Engineer: 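Sharing a structure with you now.
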Amino acid sequence: MEFRRVADILKNGQPEEAVVVKGWVRTKRELKGFAFTEVNDGSSLAGLQVVLDSDIPDYEANLKQINTGASIEVTGTLVASQGKGQKIELKADTVIIYGEADPETYPLQKKRHSFEFLREISHLRSRTNTLGAVFRVRNACATAIHQFFQEKGFLWIHTPIITASDCEGAGELFTVTNFNLDKLPQDKEGKIDYSQDFFGKPAYLTVSGQLQVEAMAMAFQNVYTFGPTFRAENSNTSRHLAEFWMIEPEMAFCDLEGDQNLAEEFLKYIFQYVLDNCPEDIEFFNKWINKSLLETANNIMSNEFERVTYTKAVELLEKASKKFEFPVEWGIDLQSEHERYLAEELFKKPVIVTNYPKGIKAFYMRLDEGEKTVSAMDVLAPGIGEIIGGSQREERLDILERRIQEMNIEADSLWWYLDLRRYGSVPHAGFGLGFERLVQFITGMANIRDVIPFPRTPDNADF
RNA sequence: UCCUCGGUAGCUCAGUGGUAGAGCGGUCGGCUGUUAACCGAUUGGUCGUAGGUUCGAAUCCCACCCGGGGAGCCA
């Protein structure tokens, strides 16, 4: 008698095989003299239909306890299904109830729930079809990311979670301290005396591992981060989390074009991997969540991404017949409506916009000739907007120092970053992408809070 | 943070000044192949919270709390 996962049984199970299945009851249908129940163990979207004949031991008692949400173990024999909807089903010999789920109070019903409601029961929502599919796809994305980089010889770098540098300019920071907040030590001027804090200076949760991973790229050439990131920004949108996961590849001896090539190859690879490994889940999303999902995926995988400079993009937007709420003008950052127009209406496929004005981009991006623009790139995808942001980094010490001064960035904690330009500096480039936004993109889920198991947002750190 | 819409039964919602409603769910009964099972019956309420207006408030006014959508910021 062999313990098998449901996904394996549905794929490989043959009639006459004796199996043991363990999982959670999704639904029960009682008829006179027998009953059906569907058991799901998380291994697949579809559950296994179990047939319970009234001649099994303790039929009446068991049936009372087999309710939606209960955990059970079924031992029996696989048989070809007489009904429609499944090829194979399990004819039970014995049933063990592990844990009951009182139908009067169990919040998940055999019906569709709103995602807003499911968020209030985040500890249970993974037992639903949609969230189950989301987290299987999320896992596949993570696997695909590592596989992609590992196949290319990139090293996975664990950059610090705690940082004393607040100069990345990527948003508000969470402070890390072991001070007693009711009794903050003060210096003679009445200011908080951080020299007494754990790190001897103000410390924060990381908003990006990029600066550190650049240092590692200067030793291993090709590296990437994949880890948690924190932003204390008071953003209440369907695309923002206070705690999220970010992927940041960094390549030495690489320019902006190589960066674009990697971003394009990366996205195509992830989509292909998920389509190959989670076809059932993707089919589900395409049917119930976003009917153009497969179309979008195929669009991503089969088309060359369009590549335009920022200057060209602005020209195209100015020529557009469409009226924008925010007028376009060289020098401004592109608004979401502009990005959407480029990707969704004009090119109808992913667009990489490059060489943005230096005034709207970060200090570390490489200054282009003419010194008006920097070697930045944003990948804009239909239906989601900016999904990847990256750049070639400034590898020239004098120019980087000048840029830091021009932008009034506090340079003391950046000494080591500048050292990288002092000793064996090379052209290098990389990009960052939010993992949850990638999962959103691939699943079609509208709200980012529904693609991470336990979302952290302003005023919400439950579970 | 700003704009906007909303909060009524376990869930999804209707009810716009005069006795609190529906569907689904739950419960009970029926049904020999169901699969969002079906059929019948039944159960179910601090109308977000606290004030105010009124003979009378789920409904009108004020404040606050919570949620959705959009914007900004960004990934």
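Sequence lines set the chain letters: A, B, ... in the order given, protein chains first and strands last, and positions in each chain run from 1. Please read these numbers as outputs of a predicted model, since none were measured by experiment.
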Engineer: Which is true for L241(A) with a 4.0 Å heavy-atom rule: it touches a base, it touches only sugar-phosphate, or it touches nothing?
Structural biologist: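 The residue L241(A) makes base contact.
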Engineer: Base, sugar-phosphate, or nothing for R26(A), non-hydrogen atoms under 4.0 angstrom?
Structural biologist: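 Answer is nothing: R26(A) stays at 4.0 Å or more from every strand.
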Engineer: Is any NZ, NE, NH1 or NH2 atom of the basic residue among E395(A) and R393(A) found under 4.0 Å from an Asp or Glu carboxylate oxygen of the other?
Structural biologist: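 Salt bridge flag = no for R393(A) with E395(A).
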Engineer: Rounded to whole angstrom units, what separation is found between the CD atom of Q109(A) and the C1' atom of rU27(B)?
Structural biologist: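 It works out to 14 Å between those atoms.
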Engineer: Expressed as a whole number of angstroms, how long is the span from L31(A):CG to rC39(B):P?
Structural biologist: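 Nearest whole value for this atom pair: 14 Å.
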Engineer: Rounded to the nearest angstrom, tell me the gap between atom CD in Q440(A) and atom C1' in rC74(B).
Structural biologist: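 Distance check: Q440(A) CD to rC74(B) C1' gives 13 Å.
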Engineer: Taking atom types as modelled and ignoring hydrogens, do the side chains of N299(A) and N303(A) form a donor-acceptor contact shorter than 3.5 angstrom?
Structural biologist: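 Judged by distance alone, the side chains do pair up.
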Engineer: Which whole number of Å gives the distance between the P atom of rC5(B) and that of rG56(B)?
Structural biologist: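 Straight-line distance between the two P atoms is 30 Å.
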Engineer: Please measure how far the P atom in rA63(B) lies from the corresponding atom in rC3(B), and state the result in whole Å.
Structural biologist: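 Nearest-Å result for rA63(B) against rC3(B) at atom P: 12 Å.
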Engineer: Think S336(A) has a side-chain N or O under 4.0 angstrom from the OP1 or OP2 of rG72(B)?
Structural biologist: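 Yes, such a contact exists.
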Engineer: Calculate the interatomic distance between L334(A) atom CG and rC73(B) atom P; express it in whole Å.
Structural biologist: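 Computing the L334(A):CG to rC73(B):P distance gives 11 Å.
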Engineer: Can you find a side-chain donor-acceptor pair between Y310(A) and D378(A) that sits under 3.5 Å?
Structural biologist: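 Y310(A) vs D378(A): no donor-acceptor pair found between side chains.
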Engineer: Could you pick out which residue, E89(A) or A446(A), lies toward the 5' side of RNA chain B when each is mapped onto its nearest nucleotide?
Structural biologist: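 Of the two residues, E89(A) wins.
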Engineer: Looking at R112(A), I'd like to know whether one of its side-chain N or O atoms comes within less than 4.0 Å of OP1 or OP2 on rC24(B).
Structural biologist: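 Checking rC24(B) against R112(A), no side-chain N or O comes under 4.0 Å of OP1 or OP2.
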Engineer: Check this for me, if you would: do K22(A) and D41(A) make a salt bridge, where the nitrogen-to-carboxylate-oxygen distance has to be below 4.0 angstrom?
Structural biologist: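 No, this pair does not count.
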Engineer: Over how many whole Å does the gap from D55(A) atom CG to rU32(B) atom P extend?
Structural biologist: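 My rounded result for the distance is 16 Å.
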Engineer: Under 4.0 Å, heavy atoms only, any strand: does T229(A) hit a base, just the sugar-phosphate, or nothing?
Structural biologist: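 T229(A): no heavy atom of the nucleic acid under 4.0 Å.
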Engineer: Mind checking if H240(A) touches a base, just sugar-phosphate, or nothing, with heavy atoms under 4.0 Å?
Structural biologist: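 Base: the residue H240(A), judged by heavy atoms under 4.0 Å, touches a nucleobase.
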Engineer: Can we say E337(A) and K322(A) salt-bridge, meaning some charged N sits less than 4.0 Å from an Asp/Glu carboxylate O?
Structural biologist: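 Looking at K322(A) together with E337(A), the answer is no, because their closest N to O distance does not fall below 4.0 Å.
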Engineer: Using a heavy-atom cut-off of 4.0 Å across all strands, would you classify K111(A) as base, sugar-phosphate, or nothing?
Structural biologist: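 If one applies the 4.0 Å heavy-atom cut-off, K111(A) turns out to touch a base.
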Engineer: Suppose you measure atom C1' in rA22(B) against the same atom in rU43(B); what distance do you get, rounded to whole Å?
Structural biologist: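 Approximately 15 Å lies between the C1' atom of rA22(B) and that of rU43(B).
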Engineer: Within the 4.0 Å heavy-atom criterion, would you say E104(A) contacts the bases, only the backbone, or no part of the nucleic acid?
Structural biologist: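 Sugar-phosphate only.
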Engineer: Between rG26(B), rU12(B), rU34(B), which nucleotide gets closest to the side-chain atoms of R29(A)?
Structural biologist: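 In terms of side-chain proximity for R29(A), the closest of rG26(B), rU12(B), rU34(B) is rU34(B).
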Engineer: Looking at rA9(B), which nucleotide sits across from it as a Watson-Crick or G-U wobble partner, both distances under 3.5 angstrom, or is there none?
Structural biologist: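 Its partner is none (no Watson-Crick or G-U wobble pair with both distances under 3.5 Å).
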Engineer: Pairing check on rC55(B): which nucleotide meets the Watson-Crick or G-U wobble criteria with it, both distances under 3.5 Å?
Structural biologist: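 Result: rG18(B).
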Engineer: What is the distance, rounded to the nearest whole Å, between atom CZ of F230(A) and atom P of rC73(B)?
Structural biologist: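 About 24 Å, once rounded to whole Å.
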Engineer: Please classify the nucleic acid contact of E30(A) as base, sugar-phosphate, or nothing, using heavy-atom distances under 4.0 Å.
Structural biologist: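 If one applies the 4.0 Å heavy-atom cut-off, E30(A) turns out to touch a base.
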Engineer: Which heavy-atom pair separates K361(A) from M407(A) by the least distance, and what is that distance?
Structural biologist: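 The pair with the smallest heavy-atom distance is O-CE, 3.4 Å.
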Engineer: For atom P, what is the distance between rA57(B) and rA20(B), given to the nearest Å?
Structural biologist: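 Approximately 11 Å lies between the P atom of rA57(B) and that of rA20(B).
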Engineer: Answer yes or no: are there more than 12 heavy-atom neighbours, outside D55(A) itself, under 6.0 Å from its atom CG?
Structural biologist: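 For D55(A), atom CG is crowded (more than 12 foreign heavy atoms under 6.0 Å).
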Engineer: Pick the C1' atom in rG40(B) and in rA58(B), then give their distance to the nearest Å.
Structural biologist: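 Between the two C1' atoms, the distance is 33 Å.
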Engineer: Please tell me which of S238(A) and H113(A) maps to the more 5' nucleotide of RNA chain B, matching each residue to the nucleotide holding its nearest heavy atom.
Structural biologist: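 Its nearest nucleotide lies further toward 5', so the answer is H113(A).
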Engineer: Is there a Watson-Crick or G-U wobble partner for rU27(B) with both distances under 3.5 Å, and which nucleotide is it?
Structural biologist: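 For rU27(B), the partner nucleotide comes out as rA41(B), under the 3.5 Å rule.
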Engineer: Using a heavy-atom cut-off of under 4.0 Å over every strand shown, decide if Q86(A) touches base, sugar-phosphate, or nothing.
Structural biologist: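 Here Q86(A) touches the bases of the nucleic acid.
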Engineer: With a 3.5 Å cut-off and heavy atoms only, can you find an N or O donor on one side and an acceptor on the other between the side chain of Q82(A) and the base of rG33(B)?
Structural biologist: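 When only heavy-atom distances are counted, Q82(A) does reach the base of rG33(B) through a donor-acceptor pair under 3.5 Å.
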Engineer: Atom CD of E60(A) and atom P of rC28(B): how far apart are they, to the nearest Å?
Structural biologist: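 Going from CD in E60(A) over to P in rC28(B) covers 12 Å.
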Engineer: Quick check: any donor-acceptor pair below 3.5 Å linking the side-chain of S235(A) to the base of rC73(B)?
Structural biologist: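 Such a pair is found, so the answer is yes.
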Engineer: Considering every strand and a 4.0 Å limit on heavy-atom distances, what is the contact class for N447(A): base, sugar-phosphate, or nothing?
Structural biologist: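 If one applies the 4.0 Å heavy-atom cut-off, N447(A) turns out to touch the sugar-phosphate alone, with no base involved.
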Engineer: Are the charged groups of E394(A) and R403(A) less than 4.0 angstrom apart, N to O?
Structural biologist: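 No, no charged N to carboxylate O under 4.0 Å.
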Engineer: Nearest to the F117(A) side chain among rG72(B), rU1(B), rC11(B), which nucleotide is it?
Structural biologist: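 Selected nucleotide (nearest to the side chain): rC11(B).
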Engineer: When rounded to the nearest Å, what value does the distance between C1' atoms of rC62(B) and rG23(B) take?
Structural biologist: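 rC62(B) and rG23(B) have their C1' atoms separated by 35 Å.
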Engineer: Please report the distance separating the P of rU19(B) from the corresponding atom of rU59(B), rounded so that it comes out in whole Å.
Structural biologist: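 Looking at atom P only, rU19(B) and rU59(B) are 14 Å apart.
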Engineer: With a 4.0 Å cut-off on heavy atoms, is P103(A) in touch with a base, just the backbone sugar-phosphate, or nothing at all?
Structural biologist: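 Sugar-phosphate, backbone atoms only, no base.
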Engineer: Go ahead and name the base partner of rA50(B); Watson-Crick or wobble counts if both distances stay under 3.5 Å, otherwise write none.
Structural biologist: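 The base-pairing partner of rA50(B), which may sit in any strand shown, does not exist here.
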Engineer: If pairing requires Watson-Crick or G-U wobble contacts with both distances under 3.5 Å, which nucleotide is the partner of rU32(B)?
Structural biologist: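 For rU32(B), the partner nucleotide comes out as none, under the 3.5 Å rule.
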Engineer: Should R239(A) and E436(A) count as an ion pair when the cut-off is N to O under 4.0 Å?
Structural biologist: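 A salt bridge is absent here (no side-chain N lies under 4.0 Å from a carboxylate O).
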Engineer: Which of these nucleotides, rC66(B), rC31(B), rC73(B), is closest to any side-chain atom of K32(A)?
Structural biologist: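 Minimum distance to the K32(A) side chain belongs to rC31(B).
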Engineer: Is R239(A) near enough to rC73(B) that one of its side-chain N or O atoms lies under 4.0 angstrom from OP1 or OP2?
Structural biologist: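 False: R239(A) side-chain N/O out of range (4.0 Å or more) of rC73(B) OP1/OP2.
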Engineer: Please classify the nucleic acid contact of T105(A) as base, sugar-phosphate, or nothing, using heavy-atom distances under 4.0 Å.
Structural biologist: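 Since no nucleic acid heavy atom lies under 4.0 Å of T105(A), the category is nothing.
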Engineer: In whole angstrom, give the distance that lies between atom CG of D333(A) and atom P of rC74(B).
Structural biologist: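 Taking CG of D333(A) and P of rC74(B), I get 7 Å after rounding.
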Engineer: Distance check, C1' atoms only: rG21(B) and rG15(B), in whole angstrom units.
Structural biologist: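 Each nucleotide's C1' atom is 7 Å from the other's.
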Engineer: Could you work out which one of rU34(B), rC73(B), rG68(B) sits closest to the side chain of S81(A)?
Structural biologist: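 For the S81(A) side chain, the nearest candidate turns out to be rU34(B).
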